[in-house]
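Read through the structure below, which is laid out as C-alpha coordinates, and then see the notes.
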Amino acid sequence: MGSLLHRSTDWDQQADRHTPLRDPVVTVRQLGRLGLTGSSPTRIDHTLVYTTRQGSFEVFLPPHRPRRVPRRYTAVYEVDMGVHAVRTLIRLPGIDDAHEFEASVELDWQVSDPARFVRSGHRDVPRLLLSQLEQAARPITRRFPITDSAEAEAEVLALVREGKPLGEDAGLRVLWTIRLRRDEEGIAHAQRLRAIEQATTEEVLAEQGGARADLEKAVRARTQHQHRLDLQGYEAQRIDFYREYLTRGGIDAWAMHLTQHPQDSAKAMSSLREEQRERLQAQMALIKEMLTKAGTEPFELEGPRRLAIEAFSAVFGRHVPIEEGSGKTVAEQATESRTEPDLPYLPPQPAAVDTPAWQPVVPPDTTAPEEHR
(Lines give C-alpha, C1' and ligand atoms only; values in the text may rest on other atoms or scores of the structure.)
Protein backbone atom coordinates (compact mmCIF):
# COMPACT_ATOMS: atom_id res chain seq x y z
CA MET A 1 0.00 0.00 0.00
CA GLY A 2 1.65 3.22 -1.14
CA SER A 3 1.91 6.52 0.57
CA LEU A 4 0.49 9.74 -0.86
CA LEU A 5 2.02 13.26 -0.65
CA HIS A 6 -0.47 15.85 0.48
CA ARG A 7 0.34 18.73 -1.92
CA SER A 8 -2.36 21.22 -1.02
CA THR A 9 -1.16 24.87 -1.32
CA ASP A 10 -1.90 26.98 1.74
CA TRP A 11 -0.47 30.18 0.24
CA ASP A 12 0.51 31.15 -3.31
CA GLN A 13 1.13 34.74 -4.40
CA GLN A 14 1.28 33.85 -8.06
CA ALA A 15 4.40 36.02 -8.25
CA ASP A 16 7.10 35.98 -10.87
CA ARG A 17 10.59 37.53 -10.85
CA HIS A 18 9.36 41.11 -11.49
CA THR A 19 6.36 41.14 -9.20
CA PRO A 20 6.59 43.74 -6.34
CA LEU A 21 6.46 41.79 -3.09
CA ARG A 22 5.46 42.80 0.38
CA ASP A 23 5.95 39.25 1.69
CA PRO A 24 8.97 37.30 0.47
CA VAL A 25 7.23 33.96 1.20
CA VAL A 26 5.83 33.07 -2.21
CA THR A 27 4.11 29.80 -1.37
CA VAL A 28 3.36 27.65 1.68
CA ARG A 29 2.50 23.91 1.36
CA GLN A 30 1.54 21.34 3.93
CA LEU A 31 3.20 17.89 3.63
CA GLY A 32 1.60 14.44 4.25
CA ARG A 33 2.68 11.94 6.80
CA LEU A 34 4.66 10.03 4.22
CA GLY A 35 7.08 11.67 1.86
CA LEU A 36 7.88 10.67 -1.77
CA THR A 37 11.18 10.69 -3.62
CA GLY A 38 11.79 13.25 -6.30
CA SER A 39 12.39 16.98 -6.54
CA SER A 40 10.19 19.52 -4.83
CA PRO A 41 7.80 21.61 -6.96
CA THR A 42 9.55 25.01 -6.70
CA ARG A 43 11.60 27.50 -8.73
CA ILE A 44 15.29 27.04 -8.79
CA ASP A 45 16.12 30.60 -7.60
CA HIS A 46 13.99 30.41 -4.44
CA THR A 47 14.99 29.10 -1.03
CA LEU A 48 13.09 26.20 0.56
CA VAL A 49 12.50 26.24 4.29
CA TYR A 50 11.20 22.93 5.73
CA THR A 51 9.55 22.69 9.13
CA THR A 52 9.87 19.58 11.27
CA ARG A 53 7.54 17.98 13.76
CA GLN A 54 9.88 19.17 16.52
CA GLY A 55 9.43 22.80 15.41
CA SER A 56 12.85 23.26 13.83
CA PHE A 57 13.66 24.57 10.35
CA GLU A 58 15.90 23.19 7.67
CA VAL A 59 16.96 25.50 4.85
CA PHE A 60 17.89 24.57 1.28
CA LEU A 61 19.44 27.52 -0.53
CA PRO A 62 19.38 27.47 -4.33
CA PRO A 63 20.36 25.39 -6.17
CA HIS A 64 20.29 22.74 -3.41
CA ARG A 65 17.15 20.60 -3.11
CA PRO A 66 16.35 17.49 -1.06
CA ARG A 67 16.41 14.24 -3.13
CA ARG A 68 13.60 12.85 -0.98
CA VAL A 69 11.16 14.62 1.28
CA PRO A 70 11.57 13.01 4.68
CA ARG A 71 8.52 12.15 6.75
CA ARG A 72 9.75 14.44 9.55
CA TYR A 73 8.88 17.56 7.48
CA THR A 74 5.44 18.98 7.97
CA ALA A 75 5.50 22.03 5.67
CA VAL A 76 7.69 23.84 3.15
CA TYR A 77 8.05 27.63 2.65
CA GLU A 78 9.23 28.99 -0.69
CA VAL A 79 11.11 32.24 0.05
CA ASP A 80 12.17 34.87 -2.49
CA MET A 81 15.79 35.94 -1.88
CA GLY A 82 15.83 38.86 -4.29
CA VAL A 83 16.41 42.59 -3.55
CA HIS A 84 13.23 44.65 -3.36
CA ALA A 85 12.93 48.45 -3.45
CA VAL A 86 10.49 50.67 -1.59
CA ARG A 87 10.04 54.42 -2.34
CA THR A 88 7.47 56.21 -0.22
CA LEU A 89 6.62 59.32 1.83
CA ILE A 90 5.91 59.39 5.54
CA ARG A 91 5.16 62.20 7.94
CA LEU A 92 7.18 62.94 11.04
CA PRO A 93 6.13 65.41 13.75
CA GLY A 94 7.88 68.69 14.33
CA ILE A 95 8.40 70.65 17.51
CA ASP A 96 4.69 71.51 17.54
CA ASP A 97 1.64 69.59 16.36
CA ALA A 98 0.63 72.26 13.87
CA HIS A 99 3.36 71.32 11.39
CA GLU A 100 4.96 68.07 10.23
CA PHE A 101 8.03 67.06 8.31
CA GLU A 102 7.52 65.28 5.04
CA ALA A 103 10.06 62.44 4.91
CA SER A 104 11.06 60.84 1.63
CA VAL A 105 12.20 57.27 2.39
CA GLU A 106 14.07 54.88 0.13
CA LEU A 107 14.50 51.23 1.21
CA ASP A 108 16.24 48.28 -0.45
CA TRP A 109 15.51 45.09 1.48
CA GLN A 110 16.45 41.43 1.05
CA VAL A 111 15.96 38.25 3.07
CA SER A 112 19.32 37.30 4.59
CA ASP A 113 18.10 34.58 7.01
CA PRO A 114 15.10 32.69 5.52
CA ALA A 115 14.49 30.52 8.61
CA ARG A 116 14.46 33.57 10.91
CA PHE A 117 12.05 35.41 8.62
CA VAL A 118 9.68 32.39 8.48
CA ARG A 119 9.85 32.12 12.26
CA SER A 120 9.11 35.89 12.69
CA GLY A 121 5.77 35.53 10.97
CA HIS A 122 5.89 38.99 9.27
CA ARG A 123 3.83 39.35 6.15
CA ASP A 124 4.40 43.05 5.27
CA VAL A 125 8.09 43.88 5.07
CA PRO A 126 7.78 47.57 3.94
CA ARG A 127 5.40 48.29 6.82
CA LEU A 128 7.75 46.58 9.26
CA LEU A 129 10.77 48.61 8.16
CA LEU A 130 8.92 51.95 7.98
CA SER A 131 7.48 51.39 11.45
CA GLN A 132 10.95 50.80 12.85
CA LEU A 133 12.24 53.91 11.07
CA GLU A 134 9.38 56.08 12.35
CA GLN A 135 9.83 54.79 15.88
CA ALA A 136 13.50 55.77 15.83
CA ALA A 137 13.04 59.14 14.04
CA ARG A 138 10.02 60.63 15.81
CA PRO A 139 11.77 61.53 19.08
CA ILE A 140 14.50 63.25 17.06
CA THR A 141 12.27 65.34 14.78
CA ARG A 142 10.21 66.45 17.78
CA ARG A 143 13.14 68.62 18.81
CA PHE A 144 13.21 70.71 15.62
CA PRO A 145 10.88 73.25 14.00
CA ILE A 146 10.02 72.50 10.40
CA THR A 147 12.17 75.41 9.27
CA ASP A 148 15.22 73.41 10.48
CA SER A 149 14.63 70.43 8.22
CA ALA A 150 18.30 70.09 7.27
CA GLU A 151 19.44 69.87 10.90
CA ALA A 152 16.68 67.39 11.75
CA GLU A 153 17.58 65.21 8.76
CA ALA A 154 21.25 65.06 9.72
CA GLU A 155 20.34 64.12 13.29
CA VAL A 156 17.99 61.33 12.16
CA LEU A 157 20.57 59.86 9.80
CA ALA A 158 23.26 59.88 12.47
CA LEU A 159 21.25 58.43 15.37
CA VAL A 160 19.25 55.80 13.48
CA ARG A 161 22.37 54.38 11.86
CA GLU A 162 24.04 54.11 15.27
CA GLY A 163 21.21 51.88 16.55
CA LYS A 164 20.27 48.29 15.63
CA PRO A 165 19.98 47.82 11.85
CA LEU A 166 16.48 47.93 10.47
CA GLY A 167 14.86 44.46 9.96
CA GLU A 168 17.72 42.58 11.58
CA ASP A 169 15.40 40.71 14.00
CA ALA A 170 13.31 39.51 11.04
CA GLY A 171 16.27 38.12 9.12
CA LEU A 172 16.41 41.05 6.66
CA ARG A 173 19.27 43.09 5.21
CA VAL A 174 18.21 46.72 4.60
CA LEU A 175 19.81 49.72 2.91
CA TRP A 176 17.92 52.92 3.58
CA THR A 177 18.00 56.70 3.42
CA ILE A 178 15.66 59.50 4.43
CA ARG A 179 15.27 63.13 3.42
CA LEU A 180 13.27 65.63 5.47
CA ARG A 181 11.57 68.76 4.25
CA ARG A 182 8.62 70.90 5.19
CA ASP A 183 5.14 69.66 4.44
CA GLU A 184 3.36 70.90 1.33
CA GLU A 185 1.58 73.66 3.22
CA GLY A 186 4.82 74.82 4.78
CA ILE A 187 6.60 74.67 1.43
CA ALA A 188 3.85 76.73 -0.24
CA HIS A 189 3.98 79.23 2.61
CA ALA A 190 7.77 79.48 2.36
CA GLN A 191 7.52 79.95 -1.40
CA ARG A 192 5.01 82.79 -0.95
CA LEU A 193 7.24 84.43 1.65
CA ARG A 194 10.26 84.05 -0.61
CA ALA A 195 8.37 85.57 -3.53
CA ILE A 196 7.31 88.52 -1.34
CA GLU A 197 10.85 88.90 -0.03
CA GLN A 198 12.31 88.80 -3.54
CA ALA A 199 9.81 91.35 -4.80
CA THR A 200 10.49 93.58 -1.80
CA THR A 201 14.23 93.19 -2.25
CA GLU A 202 13.97 94.09 -5.92
CA GLU A 203 11.86 97.14 -5.08
CA VAL A 204 14.27 98.23 -2.35
CA LEU A 205 17.26 97.70 -4.62
CA ALA A 206 15.56 99.65 -7.39
CA GLU A 207 14.82 102.52 -5.00
CA GLN A 208 18.35 102.40 -3.62
CA GLY A 209 19.74 102.35 -7.14
CA GLY A 210 17.60 105.34 -8.10
CA ALA A 211 18.57 107.20 -4.95
CA ARG A 212 22.22 106.37 -5.55
CA ALA A 213 21.95 107.57 -9.14
CA ASP A 214 20.26 110.80 -8.02
CA LEU A 215 22.93 111.30 -5.36
CA GLU A 216 25.72 110.73 -7.85
CA LYS A 217 24.05 113.09 -10.29
CA ALA A 218 23.72 115.74 -7.58
CA VAL A 219 27.34 115.23 -6.54
CA ARG A 220 28.47 115.59 -10.15
CA ALA A 221 26.37 118.73 -10.57
CA ARG A 222 27.72 120.17 -7.31
CA THR A 223 31.25 119.25 -8.32
CA GLN A 224 30.82 120.88 -11.72
CA HIS A 225 29.31 123.99 -10.10
CA GLN A 226 32.16 124.13 -7.60
CA HIS A 227 34.63 123.66 -10.45
CA ARG A 228 33.05 126.56 -12.29
CA LEU A 229 33.23 128.67 -9.14
CA ASP A 230 36.87 127.70 -8.68
CA LEU A 231 37.58 128.63 -12.29
CA GLN A 232 35.81 131.94 -11.83
CA GLY A 233 37.79 132.60 -8.65
CA TYR A 234 41.00 131.62 -10.42
CA GLU A 235 40.18 133.90 -13.34
CA ALA A 236 39.38 136.72 -10.92
CA GLN A 237 42.74 136.18 -9.21
CA ARG A 238 44.48 136.21 -12.56
CA ILE A 239 42.67 139.41 -13.50
CA ASP A 240 43.69 141.05 -10.23
CA PHE A 241 47.21 139.76 -10.68
CA TYR A 242 47.57 141.11 -14.20
CA ARG A 243 45.81 144.35 -13.28
CA GLU A 244 48.26 144.96 -10.44
CA TYR A 245 51.35 144.26 -12.47
CA LEU A 246 50.12 146.04 -15.55
CA THR A 247 49.36 149.03 -13.36
CA ARG A 248 52.89 149.04 -11.99
CA GLY A 249 54.45 149.38 -15.38
CA GLY A 250 56.79 147.79 -17.82
CA ILE A 251 59.51 146.27 -15.62
CA ASP A 252 57.13 144.45 -13.25
CA ALA A 253 54.95 143.34 -16.14
CA TRP A 254 57.91 141.98 -18.09
CA ALA A 255 59.27 140.28 -14.95
CA MET A 256 55.95 138.53 -14.46
CA HIS A 257 55.88 137.56 -18.14
CA LEU A 258 59.40 136.11 -18.01
CA THR A 259 58.55 133.89 -15.02
CA GLN A 260 56.04 132.12 -17.27
CA HIS A 261 57.81 132.52 -20.64
CA PRO A 262 61.59 132.57 -20.12
CA GLN A 263 62.16 132.11 -23.85
CA ASP A 264 61.04 135.75 -24.36
CA SER A 265 63.99 137.19 -22.41
CA ALA A 266 65.63 138.76 -25.50
CA LYS A 267 62.39 140.39 -26.53
CA ALA A 268 61.84 141.63 -22.97
CA MET A 269 65.29 143.23 -22.76
CA SER A 270 64.85 144.95 -26.13
CA SER A 271 61.46 146.27 -25.07
CA LEU A 272 62.82 147.51 -21.75
CA ARG A 273 65.70 149.35 -23.43
CA GLU A 274 63.29 150.96 -25.91
CA GLU A 275 60.96 151.94 -23.08
CA GLN A 276 63.84 153.37 -21.02
CA ARG A 277 65.11 155.31 -24.03
CA GLU A 278 61.68 156.81 -24.67
CA ARG A 279 61.31 157.80 -21.02
CA LEU A 280 64.71 159.48 -20.95
CA GLN A 281 64.01 161.34 -24.16
CA ALA A 282 60.77 162.64 -22.70
CA GLN A 283 62.57 163.78 -19.55
CA MET A 284 65.29 165.40 -21.66
CA ALA A 285 62.73 167.29 -23.72
CA LEU A 286 61.13 168.56 -20.52
CA ILE A 287 64.47 169.76 -19.17
CA LYS A 288 65.32 171.45 -22.45
CA GLU A 289 62.02 173.24 -22.40
CA MET A 290 62.62 174.37 -18.85
CA LEU A 291 66.17 175.54 -19.59
CA THR A 292 65.28 177.42 -22.76
CA LYS A 293 62.09 178.94 -21.53
CA ALA A 294 61.96 182.62 -22.37
CA GLY A 295 60.73 185.36 -20.05
CA THR A 296 62.50 184.04 -17.01
CA GLU A 297 65.32 185.90 -15.41
CA PRO A 298 68.61 184.07 -15.50
CA PHE A 299 69.20 184.45 -11.81
CA GLU A 300 65.78 182.76 -11.21
CA LEU A 301 66.77 179.67 -13.28
CA GLU A 302 70.34 179.35 -12.16
CA GLY A 303 69.69 177.26 -9.07
CA PRO A 304 67.05 174.89 -10.58
CA ARG A 305 69.12 174.62 -13.77
CA ARG A 306 72.23 173.51 -11.94
CA LEU A 307 70.36 170.99 -9.76
CA ALA A 308 68.50 169.49 -12.77
CA ILE A 309 71.66 169.11 -14.83
CA GLU A 310 73.61 167.55 -11.96
CA ALA A 311 70.82 165.08 -11.10
CA PHE A 312 70.18 164.17 -14.70
CA SER A 313 73.90 163.71 -15.40
CA ALA A 314 74.37 161.57 -12.29
CA VAL A 315 71.53 159.17 -13.13
CA PHE A 316 71.28 159.01 -16.92
CA GLY A 317 73.96 161.06 -18.55
CA ARG A 318 76.92 158.71 -18.36
CA HIS A 319 75.59 155.67 -20.19
CA VAL A 320 72.37 156.26 -22.07
CA PRO A 321 72.52 158.28 -25.30
CA ILE A 322 69.45 160.31 -26.01
CA GLU A 323 69.70 160.74 -29.73
CA GLU A 324 70.77 158.00 -32.05
CA GLY A 325 74.26 158.55 -33.48
CA SER A 326 75.03 161.69 -31.48
CA GLY A 327 77.47 159.99 -29.10
CA LYS A 328 76.78 162.69 -26.49
CA THR A 329 75.44 162.26 -23.04
CA VAL A 330 72.35 163.88 -21.71
CA ALA A 331 74.36 166.36 -19.68
CA GLU A 332 76.35 167.42 -22.76
CA GLN A 333 73.24 167.87 -24.86
CA ALA A 334 71.59 169.81 -22.04
CA THR A 335 74.63 172.11 -21.77
CA GLU A 336 74.73 172.73 -25.50
CA SER A 337 71.05 173.51 -25.58
CA ARG A 338 71.41 176.59 -23.39
CA THR A 339 71.04 179.72 -25.54
CA GLU A 340 71.91 182.26 -22.87
CA PRO A 341 75.37 182.71 -21.33
CA ASP A 342 75.85 181.81 -17.76
CA LEU A 343 75.61 184.87 -15.45
CA PRO A 344 76.71 185.13 -11.85
CA TYR A 345 74.01 184.56 -9.41
CA LEU A 346 72.68 187.84 -7.87
CA PRO A 347 70.33 187.48 -4.99
CA PRO A 348 67.44 189.97 -4.76
CA GLN A 349 68.01 193.10 -2.64
CA PRO A 350 66.07 193.23 0.62
CA ALA A 351 63.46 195.99 1.03
CA ALA A 352 63.70 198.92 3.53
CA VAL A 353 63.08 197.91 7.08
CA ASP A 354 60.43 200.62 7.73
CA THR A 355 58.72 200.35 4.38
CA PRO A 356 57.24 197.01 3.21
CA ALA A 357 58.16 196.00 -0.30
CA TRP A 358 54.60 196.14 -1.41
CA GLN A 359 53.78 199.79 -0.25
CA PRO A 360 54.38 202.68 -2.71
CA VAL A 361 56.61 205.68 -1.70
CA VAL A 362 54.53 208.93 -1.31
CA PRO A 363 56.41 212.29 -1.95
CA PRO A 364 56.10 215.11 0.67
CA ASP A 365 53.23 217.62 0.37
CA THR A 366 54.63 221.08 -0.43
CA THR A 367 51.26 222.86 -0.12
CA ALA A 368 50.91 222.22 3.56
CA PRO A 369 51.70 225.06 6.01
CA GLU A 370 55.30 225.10 7.12
CA GLU A 371 54.42 224.67 10.73
CA HIS A 372 52.79 221.42 9.84
CA ARG A 373 55.72 220.22 7.84
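Because only heavy atoms are used, hydrogens play no part in the values below, and waters and symmetry mates are left out as well, while side chains stay in.
Qualifying salt bridge (Lys or Arg N to Asp or Glu O under 4.0 Å) partners for R179, counting only residues two or more places apart in sequence or in other chains: none. D214 meets the side-chain contact (heavy atoms from CB on, under 4.5 Å) test with no other residue; sequence neighbours excluded. Evaluation of the side-chain hydrogen bond (donor to acceptor under 3.5 Å, both in side chains) rule for S104 yields no partner, not counting sequence neighbours. For S120, the side-chain contact (heavy atoms from CB on, under 4.5 Å) criterion is met by F117, H122, A170, not counting sequence neighbours. Shown here are the side-chain contact (heavy atoms from CB on, under 4.5 Å) partners of V83, two or more places apart in sequence or in another chain: D108, Q110. In this structure, F144 has no ring pair (Phe, Tyr, Trp, His ring centres under 6.0 Å) partners at least two apart in sequence or on a different chain. Scanning for ring pair (Phe, Tyr, Trp, His ring centres under 6.0 Å) contacts around H46 gives an empty result, with sequence neighbours left out.
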N/O donor to acceptor pairs below 3.5 angstrom from side-chain atoms of residues 15-25, sequence neighbours left out:
unit_1 : atom_1 : unit_2 : atom_2 : d
D16    : OD1    : H18    : N      : 3.1
D16    : OD1    : T19    : N      : 3.1
D16    : OD1    : T19    : OG1    : 2.6
R17    : NH1    : D45    : OD2    : 2.6
T19    : OG1    : D16    : N      : 3.1
R22    : NE     : D124   : OD1    : 3.2
R22    : NE     : D124   : OD2    : 3.3
R22    : NH2    : D124   : OD1    : 2.9
R22    : NH2    : D124   : OD2    : 2.8
D23    : OD1    : V25    : N      : 3.0

Anything under 3.5 Å between a donor and an acceptor, one on a side chain of residues 198-209, the other on a protein residue two or more places apart or in another chain? List them.
unit_1 : atom_1 : unit_2 : atom_2 : d
T200   : OG1    : I196   : O      : 2.8
T201   : OG1    : E197   : O      : 2.7

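For residues 160-171, the set of pairs meeting the salt bridge (Lys or Arg N to Asp or Glu O under 4.0 Å) definition, not counting sequence neighbours, comprises K164-D169. Listed by first and then second residue, the side-chain hydrogen bond (donor to acceptor under 3.5 Å, both in side chains) pairs involving residues 140-149 are D97-R142, R143-E155 (not counting sequence neighbours).
Smallest separation of non-hydrogen atoms from E58 and T52: OE2-CG2, 4.2 Å. The minimum heavy-atom distance linking A152 with I140 is given by the pair O-CG2, 4.4 Å. Scanning all heavy atoms of the two residues, the minimum distance from P93 to F101 falls at O-CD1, 3.6 Å. Among all heavy-atom pairs drawn from P126 and V86, the shortest one is CG-CG2, 3.8 Å. The two residues R65 and R43 come nearest to each other via the heavy atoms NH2-O, 2.8 Å. Minimum interatomic distance between V156 and A137 (heavy atoms only, all atoms of both residues): CG1-CB, 3.9 Å.
At distances below 3.5 Å, not a single donor-acceptor pair connects side-chain atoms of D230 with backbone N or O atoms of G233. The closest donor-acceptor contact from the side chain of E153 to the backbone of L180 lies under 3.5 Å. Remark: side-chain polar atoms of Q132 are paired, donor with acceptor, to backbone N or O of G167 under 3.5 angstrom. Of the possible donor and acceptor atoms, none in the side chain of T51 sits under 3.5 Å from a partner among the backbone N and O of F57. Without hydrogens or angle criteria, T47 side chain to L61 main chain gives no donor-acceptor distance under 3.5 Å.
Other members of the cluster containing L215 are V219, with ILVMFWY side chains joined at under 4.5 Å, either directly or via other members.
Here CD of E100 is found 8.0 Å from CG of L92. Values are rounded to the nearest 0.5 Å. Atom CH2 of W176 and atom CG of L129 lie 11.5 Å apart (nearest 0.5 Å). How far CG of L31 is from CZ of R71: 13.5 Å, rounded to the nearest 0.5 Å. Here CZ of R222 is found 12.5 Å from CG of L229. Values are rounded to the nearest 0.5 Å. L133 CG to L128 CG: the interatomic distance, rounded to the nearest 0.5 Å, is 11.5 Å. Distance check, rounded to the nearest 0.5 Å: CD of Q135 to CG of L130 gives 13.0 Å.
Linking Ile, Leu, Val, Met, Phe, Trp and Tyr residues whenever their side-chain heavy atoms come within less than 4.5 Å places L159 and I178 in a single cluster. When hydrophobic clusters are built by joining Ile, Leu, Val, Met, Phe, Trp and Tyr residues whose side-chain heavy atoms come closer than 4.5 Å, directly or via intermediates, V28 is grouped together with M81. When the side chains of ILVMFWY residues are joined at heavy-atom separations under 4.5 Å, either directly or via intervening members, W109 and V105 end up in a single hydrophobic cluster.
The ring of Y50 has its center closer than 6.0 angstrom to the ring center of F60.
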